[in-house]
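Structure first, commentary second.
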Amino acid sequence: MFVKDIQLLSFRNYENIYFKPHRKMNIFYGQNAQGKTNLLEAIYILLRAKSFRQANDRQAIAFDKDFSFIRGRVESFGFDYIHEVKLSRKEAKKLRVNEESIDSLLNYNRNNPVVLFQPEDILMVKEGPDLRRAYLNNLLDQVDGSYASLLKSYRQILYQKNLALKKEEDPLLFDVYDRQLSQLGSQIILKRFALVRLLGPRVQENYEKISRGGREERVTISYQSSFSEDTSLEDMKKIYWERLKKDRSKDLHLKTTSFGPHREDLDIKISGREAKNYASQGQQRSIVLAFKLGELEVIKKLTSQMPVLLLDDVFSELDDQRQALFFSSIRDCQSFITTTDSLKESPGEDRNLKQYKIENNQVKER
Ligand SMILES: Nc1ncnc2c1ncn2[C@@H]1O[C@H](COP(=O)(O)OP(=O)(O)OP(=O)(O)O)[C@@H](O)[C@H]1O
Ligand SMILES: [Mg+2]
């Protein structure tokens, strides 16, 4: 899948720009605060209909304007689709594909997988479990059409149950909530197990590729759950339900539900030790990039689509050797890469890329 052209109107610092990206690699280079990340954001919104920057994508509307418009031609499974997103200060966001209005995000972005790297993704390795759960949720959302609604239902019921725990409501009500939580929660856990099974060997392999240089380091990941990986759905639902019942008096005391996929974690180890506590800064960066490359392969396998790759400031994270190795791994897909300096091109070398200079609110092809 790839973006053939894109137009932005009143989007962040861009008044009206249009360009046709390369089928493979695209470099956006320029000084700080020129609008490089803004371009990645626009492409992300074109494909996923929401921003990666903040929940409220109205912030992307140019300061002095009331609406913003992103339009682009996307090729997916050999067909062209014109995608349009209109952000408005006063109305709800409007989405169209081939001039037809789309009322749900799911119908808009089903075929547009994206892999995004941002420098702050390193927090996923360093910090608490919520970023790792968010990572798994986001990836599952892209490869499994039913995951988003499953997670939404789970969260709604969890929210209601926690409210009821605070109010110490009728115990019969908790039976109803717990039944639903054990059904939905078990499915979420099994989907996460299955994803991590696919992702694990790929993260390990890509880490070895990027960090080639002799040292014996192995990155292993596993989904940390109270259940063992081979539990069947039916068994899991039963055990889950028993566990919620057993925890009830504790949860009434804590006024929250202490068991479920909202408390589980993805464990990341380097040579058998917690990456969070033992990996160096550089190793943590390489781990995140190995995740991104693994993600690319998993999405390709599960959706038969090559995702679009958006890489923000990835070069500042890598030395020359790692850069070259990383480059060779992303040759097959369309990528958009921001950097402060243009890439040096040796004469006669066909690098299969376009470079754009980002300056004075314009995008100029070199
Ligand atoms: N809604 C908006 N309307 C107009 N301009 C905006 C809006 N939001 C952000 N900007 C401008 O966009 C610029 C930042 O763009 P961006 O984050 O893309 O920079 P960048 O080129 O990625 O910089 P860096 O190299 O520092 O990451 C800022 O100067 C900011 O004022
Ligand atoms: Mg930036």
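All residue numbers refer to positions in the sequence shown, counting from 1. For ligands, and for the atoms within them, numbers begin at 1 and follow the listed sequence.
Listed by chain and residue number, nothing satisfies the salt bridge (Lys or Arg N to Asp or Glu O under 4.0 Å) test with Arg218 (two or more places apart in sequence, or in another chain). Scored by the salt bridge (Lys or Arg N to Asp or Glu O under 4.0 Å) test, Glu91 finds Lys94 as partners (sequence neighbours excluded).
Taking a 6.0 Å sphere around CD of Glu15, one finds it holds 12 or fewer heavy atoms contributed by other residues, nucleotides or ligands.
Here the straight-line distance linking atom CD1 of Ile27 with atom NE2 of His22 works out to 11.0 Å at 0.5 Å rounding. Considering CZ of Arg12 and CZ of Arg53, their distance stands at 4.5 Å, rounded to 0.5 Å.
Taking a heavy-atom cut-off of under 4.0 Å, ligand 1 is surrounded by Arg12, Asn13, Gln31, Asn32, Ala33, Gln34, Gly35, Lys36, Thr37, Asn38, Arg53, Gln59, Ile61, Ala62, Phe63.
Centroid-to-centroid, the aromatic rings of Phe326 and Phe315 stay 6.0 Å apart or farther.
For the side chain to side chain contact (heavy atoms under 4.5 Å, CB included) test with Ile70, the passing option among Ile43, Leu9, Ile45 is Ile45; the others fail.
Between Tyr223 and Glu229, the side chains place no donor N or O within less than 3.5 Å of an acceptor N or O (distance only, hydrogens not considered). Neither side chain, Gln355 nor Tyr29, offers a donor N or O lying under 3.5 Å from an acceptor on the other.
For a distance threshold of 2.8 Å, the protein N, O or S atoms nearer than that to the Mg ion (ligand 2), listed by chain and number, are Thr37 OG1.
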